[in-house]
Structure formats: C-alpha cells, structure tokens
Protein chains: 2
Amino acid sequence: MSRATIYSIATMCGVSPATVSRAFNRPELVSAPVRDRVLAAAAELGYQPSSAARGLVTGRAGMIGLLVPDITNPFFPLLVRAIQRAADRVDSPVMLIDAEESAAAEVRLVARLRGRVDGVLVASPRAPASALREAARDMPFVLLNRVQRDLSSVICDNTAALFDAGEHLYGLGHRTFALLAGPSASWAAARRSQAIRRWARGRDVRLVELGPFRATYKGGRRAGEALLRTDATAAFAFDDLMACGVIAELAGQGVAIPADRSIVGCDDVLLAQAVTPRLSTVTAPMDDLGRVAVEVLTREIEAPEGAPAHKRLPGVFTPRDSTGPARAG
Amino acid sequence: MSRATIYSIATMCGVSPATVSRAFNRPELVSAPVRDRVLAAAAELGYQPSSAARGLVTGRAGMIGLLVPDITNPFFPLLVRAIQRAADRVDSPVMLIDAEESAAAEVRLVARLRGRVDGVLVASPRAPASALREAARDMPFVLLNRVQRDLSSVICDNTAALFDAGEHLYGLGHRTFALLAGPSASWAAARRSQAIRRWARGRDVRLVELGPFRATYKGGRRAGEALLRTDATAAFAFDDLMACGVIAELAGQGVAIPADRSIVGCDDVLLAQAVTPRLSTVTAPMDDLGRVAVEVLTREIEAPEGAPAHKRLPGVFTPRDSTGPARAG
DNA sequence: ACAATCTATGCAATCGCTTTCATTGAATCC
DNA sequence: GGATTCAATGAAAGCGATTGCATAGATTGT
C-alpha cells in the first residue's frame, strides 16, 4: 500500500479532504466527533502529511539550515545539539552542513540551501560576510558568533567573563600573561583577543601575544611550546580545545598546572570538565544560545522585512582547577 | 520579486515550461540553442527549482536522514562528515538527527523523518532494532555499525584489526590483558568484546573483563581506575575517547604509558593522534564507510524490494605510542 | 513525391495539501 | 416567526514542478 493521504482518510471517514486538513491544522474549526474520527483514522493508517505538498502550497520548507565551519571541533556538536533542541520545539528539523573549514565551501553550501530551508543559521563563518550575504540572497539569515551590521546575529559575549577571568588570575598574583590567539579569520578570536587586551591595558600587567594558532588540539600543542618560551605565568587560550592541547604539551614537558602556570580556556566543552586538571574556562550558555538563535531566525522568517536583531548572551567565567596562585617570584 | 519559476523562465525565453524543465533534467531532448537560452535565463534570475514541487511529483524528497546516538562523541562528527561528503556526490543533502543518547528519542525521531527523507541511515543505535524497524516502516533504512538480518547494514569490522592489536601486544611480551567494555546497549561494544575474547582464548593469555563503562572521557577515567586495580599490563579500551580517559587517569596516578601499561583504542578519532602518547588504535576507514553507506542506501531507495545488503569494511590496527614492551616481571 | 521516421516542442494532467468562498442547517434575536 | 448570525463542512483553485501524449516540421527512404 502506498502512503496514506488526506484523501484516503477523508474517504474512510466520509468527510471531505478539506475537513481532514483542518482537523490537523485548525482543529477548532472541526466538530469534536468528526475531529476524533479523523485523528483516529490517521493514527491507524500511520498518516504523515507530505511535507512536499504542504511546502508547495504554504511556501515554507518547514526546515532550517545550520552551517558550521568544522563539525569536528567539539564546540559545534554542542551547538548543533542546542539548536536542534530549540528547533524541535518549533517542530522544525534542521539540516546540518559542515563546511570542513573551507570558506569557499561555506558560500557554495549556503547557496545550495536556497529553497530547501526557510532560513539559515551560520555559525562562526570563515567566509567574508558579503559573500555569505550574497549566497543567502533573499532568504532569512542569522549569524552566530559574529556580528555584521546589516545581518541579524546572536553571539556569546565573553568580554565580561574574560575580564572576570583576568581579575581572578590577577587576584592569584599573576602579573605576566600570554594571549594564545585563535585563527585570524575567526571573528570570535579577534573579539576575544581584543577583550583580553583591553582588560590588560586597564591593569598594570604585561601581556605577551602569541599566535595565531589553529583552533585544534594540535594548535594547542604549538601554543604550549610558544608559551614555554615566555615567562608568562598565566595564559588565555582561544578555546578549550586549544587549552587542552596546551595542558598536554606542558604536562609533556614536566610543567605542572596550575602550580607552574595557569591556563584559562573558553567555551566549556565537555572535555573541559573531564581533563586533569579540570579547565577553568568561560562557560557559554549553550541552550540559551540555541534557543535565541532559533527565535531570531523564526521571527526573521515570519517578518522578513524587520530590522536585523542583534542579541548578545554573556558567558560566565567558571574557575576550576587549571588556575592557581602564581609561582612566587 | 518572488522566486523565479520555470514559468517565468519560459515566458522570458518564449518557450513552454515543459521545455524549461527538460532543459535541466533531460538536456539531450532540447535543441542546443534553446537549451543555452534557457540555462542563461535561469542563471540570470538565480533560479533554483522548488524542491517541494519536484518532490511532490517525483515522490522523492531528495534528501537523506542520518541519525546518530550522540553527536558529542567525537566519532560521530567524523562519520557525519564522511557521509555528508558522500551524499554530496549524489547531490543529496543530509538531515542530521542527534538522539542525545536516548533510545526512546531514536525511535521518535526516526518516525518523524518519514516522508521528509528518501531514506535513513541509523548509526550505532541504542534502541532495539525492532522498534527502529517499525518507526522506519516503509522507508529505506540502513544500519551503521550494527547488523540485523532483515535490514541492510554496513559496519566497520574490527575483528581482524583487534586480533592484530592483540598479536602486537603479545609480541611485546604482554600476557595479562584487560578488556574495558563499552555500553551494554551498543552492538559494536558487544562485538568488539567478543573479538577480543576470541583472540584471548586462542592465545595463552589471561583476560580480565571490566565494565561496562560509558563511551565518554569520564567513562575512561572510571575504566582507568578499574584497570589500576588489576595486574593487567595491557588494555583494550572500547574506543578512543575511553582510551584517552584511561590515559589521563593513569597519568594522574603517576603510571607511565607505555612504560608501565599499554593501551589500545578503537576508531582513530582526531584526538588519537594528538594526545600524548599518541594512541595505538584501530583505524576505521571513515571515508569508505560513508561512501558505502550512501551507496547502499541509494540502491535501497532505487530498488526498495531488493534483499538487504550487508557490507563489512575492515578496520586496520595502527600502532603508535601508547603500546610498548611489557614491564619485566 | 509520399509515406514513414525522427526531433523538438507544447499541452495538460498530476502529485497532496491548504485555503478561500459558498452552502447548509441550527441557533439567536426582536 | 422571519431575518440574522454562526458553526461545520464541502467544492475547487491553485502551489511549481514532471512527464505521457500529441503535434508540427524536418529528414529519410524508395
């Protein structure tokens, strides 16, 4: 037997297809007994509305796109999960696209999404915003972890939390800091670096800038090597993955954390709580991030002409075991 | 202006919509000059066929579903990427669903996919096969990393590679082994355990079974603690993530790897090559896995009545630095 | 030169659903 | 009690593509 349609159900219940449709979409327009009969029949037949047919008439795909630059970076699975959860609540599946760290792929893949999704969420893109904008021509679009004046965006604002991290370290006696910068094409990396620089300027501390390093474990190893060539007693890593790499590198060289050096990460990925020492890091409010992103996109879909929204959710500094008192002297 | 359709293009070029459609789908049926004109007009208007309209008439969604049990486990991003790459070649976007480690969610989410995708790939499910089968009623379906007689499946067969790993360790003088088992609902875990047991029986070695442990870094820490309470000099971890946890735990207790104990992982996730010591592990042929999975599913979609296919791709043992000679004594 | 064959194109039905408009019978109002 | 409103339903028109069938020229064969 082929799939059930509103027609089979209609025939079965002795009503018209329109009534069946209404029983699902505007149940208040259908009398209770009829509605129940229809719903029962539908359940029995395992009816699933054809999203193609529905999409054709409503002009909605009933789906949103999510583009991530690198799904193998542990930050993004967390984001994917948060967004999927939020999208689930508005009953909208998400189509995931991984750009495999290529800016060109981002543009190509976003363009390919046109017409298949109602809108697209682009997380931490590497590609220039203008190219993305063009690729997403006339489809609702919101940036994650990057802001761009004419585009909606939602970001996790770590500025205050990084200040807190700095103060925390300062309070522990640290006076010389290293900044282990992230990829130069990353807006978030630039912004984090800037926040740290600003904090350092406001305090009488020395800040040594190192990098850029790749946002990977291996990039962290490199950063660790570089860090050891400086006399900084505390370091800000671009993200947790990098911080884990740094820790591993230092451990490999017999440098104790936090006894000899303190490290703070950013993002609070799963690994951060699992490694030894547990990472002091800036925790991103993932679930909120996902929820707000989906909300903004949904609004954009429903009212495409509105002004772009810009949401910023603050991260919060979570001290754990990778930060401690500065070595005397 | 609203989106371009075959009608706008047809009018623009002075041909019928049917011809426009054919220019895309059966170009050999359209004369060269007309075809060029149509294609040019389409490009100019930025035409994208409506997948809803197409889907309605062809009965195809032009999309495949991929369900993973836990996207935060680093094995799955790799798989997602491999599958996405393969699906890209057949020009079929993939809809990712993360079940957040819940068997119930797997069933619910698979059911929700009906009609939205042409077929679904279910990776390493925790839910019972019968429930999945029912949820996926009358839609093409292939299992990854699990076999089930009446369902198509493609697995990475690590049996031989685990034998190799065993032989490698045996050659290094190890005689007492620990098996750190994975989650009990995981088919792959059961199979790996079985392979190791079989190998151990064929050799005069002692095998201590520990677990089950969760397939996470923390699960690995637990496994590490358990391992230290035994006198095994070598251990098989269920997967790399667990192996990393074990290494961290042992390192934390001052136990050297591979000097004091040897560890082998499984899967060869990115982290495996990045940690210290680099993990000896069983490398899964990810790209092939993705390619074959998509091939099997595609075949299933095109010929739904064929017999289920069962593909097994062998993993290969990759010795690195986490395995070494057994301590004398 | 005329039938037979091809080639390129158009016509129109169809996919399954949503939604506007019309209709019918019942309830409400004065 | 007749006019008015209302609630519940049905009829039918699309949404944008694909595709089987029909057709008009052009080409070929004898």
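Bear in mind the structure is a predicted one, so any value in this text is a computation, not a measurement. Chain A is the first sequence line, chain B the second, and so forth, proteins listed ahead of strands; every chain is numbered from 1.
- Remark: of the listed residues B:R191, B:R146, B:K311, B:R191 is the sole one forming a salt bridge (charged side-chain N to carboxylate O under 4.0 Å, His left out) with B:D157.
- Which of D:dA17, C:dC17, D:dT18 sits closest to the side chain of B:N25 comes down to D:dT18.
- Checking C:dG16, D:dG16, C:dG10 against the side-chain heavy atoms of B:R22 singles out C:dG10 as nearest.
- Of the candidates C:dT18, D:dA11, D:dT19, the closest approach to any side-chain atom of A:S16 belongs to D:dA11.
- Taking atom CG on B:L56 and atom P on D:dC15, their separation rounds to 13 Å, with Å as the unit.
- Taking every side-chain heavy atom of B:V30 into account, C:dT9 is the closest of C:dT9, D:dA17, C:dC17.
- Contact annotation: B:Y47 reaches the phosphate of D:dA17 (side-chain N/O to OP1 or OP2, under 4.0 Å).
- The CG-P distance, from B:D36 to C:dA8, rounds to 13 Å in whole Å.
- Under 3.5 Å, the side chain of A:Y7 and the base of C:dC17 form at least one donor-acceptor pair of N or O atoms.
- Under 4.0 angstrom from either OP1 or OP2 of C:dT9 there lies no side-chain N or O belonging to B:T19.
- Atom CZ in B:R60 sits about 16 Å away from atom C1' in D:dA17, given to the nearest Å.
- A pairwise comparison of heavy atoms in B:A61 and B:D118 identifies N-OD1, 2.5 Å as the closest pair.
- Rounding to whole angstrom units, CD1 of residue B:I9 and P of C:dT9 are separated by 16 Å.
- Listed candidates were C:dT19, D:dT9, D:dA17. Nearest to the side chain of A:S31 is D:dT9.
- D:dA7 atom P lies 13 Å from atom CZ of A:R26, rounded to whole Å.
- Sparse packing is recorded around CD of B:E305, with 12 or fewer heavy atoms of other residues, nucleotides or ligands lying under 6.0 Å away.
- When distances are taken from the side chain of A:S21 to each of C:dG10, C:dT18, D:dA17, the shortest belongs to C:dT18.
- Proximity of B:T5 to the phosphate of D:dG16: no side-chain N or O atom is located under 4.0 Å from OP1 or OP2.
- The side chain of A:V15 lies closest to D:dG10, out of D:dG10, C:dC17, D:dA17.
- What you find for B:E106 and B:A99 is that their closest heavy atoms are CG-CB, 3.4 Å.
- Protein atom CG of B:L29 is 12 Å distant from nucleotide atom C1' of C:dC6, rounded to whole Å.
- The only option from A:V120, A:L113, A:L66 that meets the side chain to side chain contact (heavy atoms under 4.5 Å, CB included) definition with A:M95 turns out to be A:L113.
- Comparing atom distances between the B:T58 side chain and each of C:dG16, D:dT18, C:dT20 picks out D:dT18 as nearest.
- Checked against C:dC11, D:dG10, D:dG16, the side chain of A:A18 finds its nearest nucleotide in D:dG10.
- Rounded to an integer number of Å, the gap from A:Q48 CD to C:dC15 P is 20 Å.
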